[in-house]
Asks: 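Take this structure first; my questions come after.
Everything quoted here is computed from the prediction, not taken from an experiment. Convention: sequence-line order gives letters A, B, ...; per-chain numbering from 1.
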There are 2 protein chains.
Amino acid sequence: MKKTTIHDIARELNITFSTVAKALNDHPRIAASTKEAVKEMAIKLNYQQNKLASSLRSGKTRIVGVLVPTLDVSFFSSVVHGIETVMNSNGYNILLYQSKELYADEIRGIDTFLQTRVEGIISSIALQTSDYNHFIDLKKRKIPLLLFDRIVDEIGVPYVRIDDYGGGFMATEHLIKQGCKRIVHISTDQNVTIFKERLQGYKEALIKHGLPVDDSLIFTGHLSIELGRNCIQQLVNENIEFDGVFAFEDYTGLGVLKQLKELKINVPEQVKVIGFANEAFGAHITPSLSTVDQQTVKMGEEAARLFLKLIKENKYYEKEPEKIVLDPLLIPRTSSE
Amino acid sequence: MKKTTIHDIARELNITFSTVAKALNDHPRIAASTKEAVKEMAIKLNYQQNKLASSLRSGKTRIVGVLVPTLDVSFFSSVVHGIETVMNSNGYNILLYQSKELYADEIRGIDTFLQTRVEGIISSIALQTSDYNHFIDLKKRKIPLLLFDRIVDEIGVPYVRIDDYGGGFMATEHLIKQGCKRIVHISTDQNVTIFKERLQGYKEALIKHGLPVDDSLIFTGHLSIELGRNCIQQLVNENIEFDGVFAFEDYTGLGVLKQLKELKINVPEQVKVIGFANEAFGAHITPSLSTVDQQTVKMGEEAARLFLKLIKENKYYEKEPEKIVLDPLLIPRTSSE
DNA sequence: GTGAAAGCGCTAACAG
DNA sequence: CTGTTAGCGCTTTCAC
């Protein structure tokens, strides 16, 4: 059963295929009656426009490539959810590619997108990536590229992220306002900008409130529940005093809570704790974990909207790249109140 | 800056574009030396094959449409993660569409896929959908369709799901083995097969172990934390005895735990609780919530593999639709031990 | 081993 | 208002 084409419709109606094409595209100077007849026949014959042909000819695919590390992390799937929702309601479709945090796959994804002639790419950079030429190449080729969350400034393209510095500041200041004087910060040893910014926000908040920045209270390690546990154990072992903990993300904060509970140190009475990312479990554990929300769905929506706005203006790379920085949201819960 | 085509390569090398095309596709009767020259020039000119043109001509897009209710639910994003991973390593790409649980959007998604000439569709049906003709039409048009999780048998296509009946049986039997005699089941009023199956498994487990199926212990409502809370409150208000609760999914189970805690009923001593779905929070709350794991990533991987196997055989609809039923995994935690 | 030619299904001038 | 024509960039016979 061959697919029906505009030629089939034309034959049935005894008109030319070009008239059919125009009728289907609501071309102004086609008679209303012909349009009606054509559209009726299209339905009758189960016609489905061949977008490949149309895209090939017109040069427009209405497809945007979305390249993310993985969908198996709620942060990314939420953002992609937001992107797809906005793109969809604007007539765009999403071609999806996961880099698995790998440099080589990131390059492969971009290649695929290029071959499919996507009208642009929205991406968050893989952890493994440290050479950004594949992204810079996109810019050189004038392929619209928009980054979110894991940004690299030197690429020089529009992006959407949250204010991680502000989030770190906000979390720390919250603990200070709750009366904490010796606040621990747990971060990562990975060289990722957003985590460094949270650390910076922590330091500035301490300084603003006249508290010392004490390096013995700053820990780093590999993102995990264990990291939180280990840091607390180490603090206790070394008899280091502390009354607050700001973990750079919620799983580490969870480890902190678990270890404190095991050591019978009361939260929030003796130690107050706050995490970062607003993972689903935080609201439901005991004590519930204070955190900073990253507005993930909104991040996706804003990314899509900014992208659409910029390609509509048709001068994507002609001016200073536009940047959207979303405000993090403080979510105080039992662990810090 | 126009995109480079095989004609550009041909011109540079003083051969015809048709030779270039064959060289790039590793056609057997092209000289190794020409192939080399062509490929070198392709790289030098930054050539990217135009898949639109190639797909239009060859009739193969290597694109599969993935239509899911939303990516904002970890179940679906995990499955899509699995699908993309397997498809990707087999040279297929994913076009993504979210139905938002809406019938109209589901139809729109299928239409889009058809227009893009995807080689098949993998989908989980929207809750709102009760008429399945858009899916049945796909089958009539010989477009490969594979369903996962939210299955409808009458559509008559291959699918992958877990054994929800077995999962319900397993959860209930687990509570019975832990000593429960009066086990509550909380389900939904929505007409969704998988939930009905869990209910059926619950009943059969009771019967197998000589326990009565008591309708006053079976509740239904709208999936939410509140549903769990309300059911417990109602049980207590009406003085109905119970020593176990099997919630049809984890959020409802969470509500159960919360309300029991509020009423100072001890878990697991007085009442044992189990949920379903293995949501991320379950392991971290207190008490941790026993549950049934649905093997989401594996479900996606199996879906993709089955799909690929069937289209490779080139007789997608020629025999009885193949079905994969994955085993649910019992995850016992504190709430039931 | 390479080339010539047709055509996938559509868009978009241009003509009439 | 409708028709003619020329491709978009590739695959795929068939010829030499």
Side-chain angles (χ1 to χ4, degrees), chain A residues 1-39 41-42 45-63 91 111-119, chain B residues 1-39 41-42 45-63 91 111-119:
Chain A
M1 187 172 64
K2 285 286 285 98
K3 286 246 151 53
T4 95
T5 74
I6 47 176
H7 292 93
D8 300 322
I9 298 176
R11 196 179 326 106
E12 292 295 315
L13 261 34
N14 265 314
I15 53 180
T16 58
F17 75 98
S18 114
T19 304
V20 172
K22 282 173 205 146
L24 290 172
N25 291 323
D26 264 328
H27 191 103
R29 40 189 194 193
I30 292 288
S33 57
T34 357
K35 283 186 188 174
E36 208 176 321
V38 166
K39 285 175 185 173
M41 187 56 70
L45 298 182
N46 243 315
Y47 172 74
Q48 292 280 358
Q49 187 200 42
N50 186 329
K51 282 199 177 182
L52 298 172
S54 136
S55 296
L56 175 60
R57 183 58 237 250
S58 70
K60 311 220 133 299
T61 52
R62 301 272 126 160
I63 294 177
D111 258 27
T112 306
F113 288 162
L114 255 23
Q115 293 177 182
T116 312
R117 300 298 192 258
V118 298
E119 294 186 21
Chain B
M1 187 173 64
K2 284 288 283 97
K3 287 247 152 54
T4 97
T5 73
I6 47 176
H7 293 92
D8 301 321
I9 299 177
R11 197 179 326 108
E12 292 295 315
L13 262 35
N14 265 315
I15 52 179
T16 58
F17 75 97
S18 116
T19 305
V20 172
K22 280 174 204 146
L24 289 171
N25 291 323
D26 264 328
H27 190 104
R29 37 186 193 191
I30 292 290
S33 57
T34 5
K35 282 186 189 174
E36 209 177 318
V38 166
K39 285 175 186 174
M41 185 56 70
L45 299 182
N46 243 315
Y47 172 74
Q48 292 279 357
Q49 187 199 44
N50 186 329
K51 282 200 177 181
L52 297 171
S54 131
S55 296
L56 175 60
R57 182 60 237 251
S58 70
K60 310 220 135 301
T61 53
R62 300 272 128 160
I63 293 177
D111 257 27
T112 305
F113 289 162
L114 255 24
Q115 295 176 180
T116 311
R117 300 299 192 259
V118 298
E119 293 186 23

Asks: Does a side-chain heavy-atom distance below 4.5 Å link B:Q48 with A:D111?
Replies: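 Heavy-atom side-chain distance check passes, below 4.5 Å.
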
Asks: Give the angle between the helix axes at the two ends of the helix from C:dG1-D:dC16 to C:dG16-D:dC1, taking five base pairs at each end and rounding to 10°.
Replies: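 Terminal axis comparison yields 40°.
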
Asks: Can you check whether A:T34 has a side-chain N or O nearer than 4.0 Å to OP1 or OP2 of D:dT2?
Replies: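 Yes, A:T34 has a side-chain N/O under 4.0 Å of OP1/OP2 on D:dT2.
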
Asks: Does B:S54 reach the main-chain N or O of B:N50 with its side chain, forming a donor-acceptor pair under 3.5 Å?
Replies: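 Checked: no pair found.
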
Asks: Within this structure, what is the CG-to-P distance between B:N14 and C:dT2, rounded to whole angstrom?
Replies: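 My rounded result for the distance is 13 Å.
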
Asks: Atom CD of A:Q115 and atom P of D:dG9: how far apart are they, to the nearest Å?
Replies: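 Atom CD in A:Q115 sits about 15 Å away from atom P in D:dG9.
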
Asks: Looking at B:A23 and B:K39, what are the two nearest heavy atoms and their distance?
Replies: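 Closest approach of B:A23 to B:K39: O-CE, 3.7 Å.
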
Asks: To check you understand the geometry: which heavy-atom pair defines the closest contact between A:T5 and A:D8, and what is its length?
Replies: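 For A:T5 versus A:D8, the nearest heavy atoms are N-OD2, 2.7 Å.
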
Asks: Which pair of heavy atoms, one from B:L56 and one from A:L52, lies closest together, and at what distance?
Replies: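 The answer is N-CD1, 4.1 Å.
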
Asks: So which heavy atom on A:V20 is nearest to which on A:V38, and how close?
Replies: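 Looking at all heavy atoms of both residues, the closest pair is CG1-CG1, 3.9 Å.
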
Asks: Can you measure A:L13 atom CG to D:dG3 atom P for me and round it to whole angstrom units?
Replies: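 Going from A:L13 (CG) to D:dG3 (P), I get 10 Å.
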
Asks: For every nucleotide of nucleotides 9-16 of chain C, 5' to 3': is a protein heavy atom under 4.0 Å from its base (B), only from its sugar-phosphate (S), or from neither (-)?
Replies: BBBBB---

Asks: Could you tell me which non-hydrogen atom of B:E119 sits nearest to which non-hydrogen atom of B:T61, and how far apart they are?
Replies: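 Of all heavy-atom pairs spanning B:E119 and B:T61, the closest is OE2-N, 2.8 Å.
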
Asks: B:A31 has a side chain; which of D:dC1, C:dG1, C:dG3 sits nearest to it?
Replies: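 Between D:dC1, C:dG1, C:dG3, the one nearest the side chain of B:A31 would be C:dG1.
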
Asks: To the closest 0.5 Å, what do you measure between CE (A:M41) and CD1 (A:I6)?
Replies: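 So the gap between those two atoms works out to 15.0 Å.
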
